[in-house]
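Keep in mind that what you see is a predicted model, and the values were worked out from it rather than measured.
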Amino acid sequence: MTIAVNISGHNIHISDRLRDYIEKKAGKLDHYLADIGEVRVDLTAENNARDANDRKVVQMTVRSRGTVLRAEERASDPFSGFDVVVERMYRQIERYKTKRRRRGDGTDLATAQAEAMATAEPLEEESVPIIIRRKQFAVTPMTEAEAVDQMIFLEHDNFFIFYNAETARMNVLYKRKDGALGLIEPEIG
């Protein structure tokens with residue numbers, strides 16, 4: 001089975017050679033994880049990066065049965081950046097499969113949390129802070145334990161927003177300075 005790989009570029013030209021390379025390597029992910037619904041690869045060129053070696057950003061998002069796995073790398077060359085991202089994705093898939101096997105009941109780790117498709121908007125004014133990036137994602141119910149798993153799988157180091165299935169409310173899971181996790185349960189005042 002061949003996976004459809006969606007490739008998009010922001011401020012970067014994607015050559016046919018690069019597109020073929022990405023499709024070939026990303027298309028093999030279904031050998032490692034069955035039921036992959038979507039593979040998305042975003043390439044971005046950041047001209048304002050401090051280090052020339054960090055100017056190309058490669059991000060891969062894999063959706064499979066309600067779980068979202070993501071890996072990102074910065075490099076001077078999109079080919080080498082993509083190679084690192086693929087290796088990270090293999091490790092993510094292995095961790096996901098190991099964690100799912102430990103559950104024993106065969107259910108998914110999370111019922112679904114769609115990863116954001118980010119679009120950068122150009123800065124218009126320097127004096128007033130403006131929103132330069134928006135993310136939208138589908139929110140589906142999950143338990144606190146599943147939210148912790150998703151936070152780890154997505155490599156969200158600071159926080160994770162989810163719909164708590166037990167309380168039927170939006171919650172924010174965050175990492176505290178001491179390394180422990182905290183949970184914010186907002187209330188309308």
Side-chain angles (χ1 to χ4, degrees), residues 6 8 10-11 33 36-44 46 48-51 54-75 81 84-100 102-103 107-123 128-189:
N6 298 320
S8 66
H10 306 282
N11 301 328
L33 182 64
I36 292 178
E38 177 186 8
V39 175
R40 181 170 178 84
V41 177
D42 293 307
L43 301 162
T44 306
E46 293 184 350
N48 60 351
R50 289 183 190 174
D51 187 359
D54 291 343
R55 293 213 170 133
K56 305 294 188 286
V57 180
V58 181
Q59 183 180 56
M60 178 187 285
T61 305
V62 174
R63 299 176 202 279
S64 174
R65 287 203 276 160
T67 299
V68 179
L69 303 174
R70 183 175 57 87
E72 180 178 305
E73 177 63 20
R74 294 174 177 273
V84 172
V85 164
V86 169
E87 289 302 316
R88 285 185 181 168
M89 186 56 65
Y90 290 150
R91 287 194 301 271
Q92 286 279 335
I93 289 171
E94 190 56 39
R95 271 198 323 226
Y96 166 73
K97 287 168 55 175
T98 302
K99 186 75 170 179
R100 195 172 77 189
R102 276 191 253 147
R103 290 175 55 113
T107 60
D108 292 333
L109 291 174
T111 54
Q113 184 267 334
E115 180 57 32
M117 300 305 150
T119 57
E121 298 174 6
L123 294 173
V128 178
I130 60 170
I131 299 170
I132 61 168
R133 186 173 178 178
R134 286 187 191 271
K135 289 188 173 188
Q136 296 178 341
F137 55 94
V139 180
T140 56
M142 64 178 67
T143 64
E144 291 176 8
E146 290 172 331
V148 170
D149 289 340
Q150 277 292 315
M151 184 176 178
I152 293 167
F153 286 136
L154 294 174
E155 297 179 349
H156 286 196
D157 297 330
N158 298 324
F159 69 94
F160 181 75
I161 300 171
F162 70 101
Y163 185 84
N164 192 325
E166 296 161 349
T167 63
R169 300 173 76 168
M170 294 299 293
N171 287 176
V172 178
L173 186 64
Y174 67 96
K175 185 170 260 184
R176 298 166 35 99
K177 288 182 182 178
D178 63 4
L181 297 176
L183 185 71
I184 298 174
E185 300 175 301
E187 292 183 7
I188 297 176

[X] vs [Y] side-chain heavy atoms within contact, under 4.5 Å:
X: E144; Y: L173; result: no
X: R40; Y: S8; result: yes
X: F162; Y: L183; result: yes
X: Q92; Y: V62; result: no
X: K56; Y: L43; result: no

Shortest non-hydrogen contact from [X] to [Y]?
X: V68; Y: Q150; value: O-OE1, 3.7 Å
X: R95; Y: I152; value: NH2-O, 4.0 Å
X: K175; Y: D157; value: CB-O, 3.4 Å
X: V58; Y: G81; value: CG2-C, 4.1 Å

Look up atom [atom1] in [X] and atom [atom2] in [Y], then write down how far apart they are to the nearest 0.5 Å.
X: M151; Y: Y174; atom1: CE; atom2: OH; answer: 10.5 Å
X: Q59; Y: R74; atom1: CD; atom2: CZ; answer: 10.0 Å
X: F153; Y: R70; atom1: CZ; atom2: CZ; answer: 14.0 Å
X: I36; Y: E38; atom1: CD1; atom2: CD; answer: 11.0 Å

Would you call E155 and R88 a salt bridge, taking side-chain N to carboxylate O under 4.0 Å as the test?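 Answer for the salt bridge query: no.
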Quick one: which of V39, I93, T61 gives a side chain to side chain contact (heavy atoms under 4.5 Å, CB included) with L69?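 Per the side chain to side chain contact (heavy atoms under 4.5 Å, CB included) rule, the option paired with L69 is I93, out of V39, I93, T61.
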The criterion is side chain to side chain donor-acceptor pair (under 3.5 Å); which residues satisfy it with D178, sequence neighbours excluded? R176
Quick one: does R169's side chain have a donor or acceptor within less than 3.5 Å of a partner on P186's backbone? yes
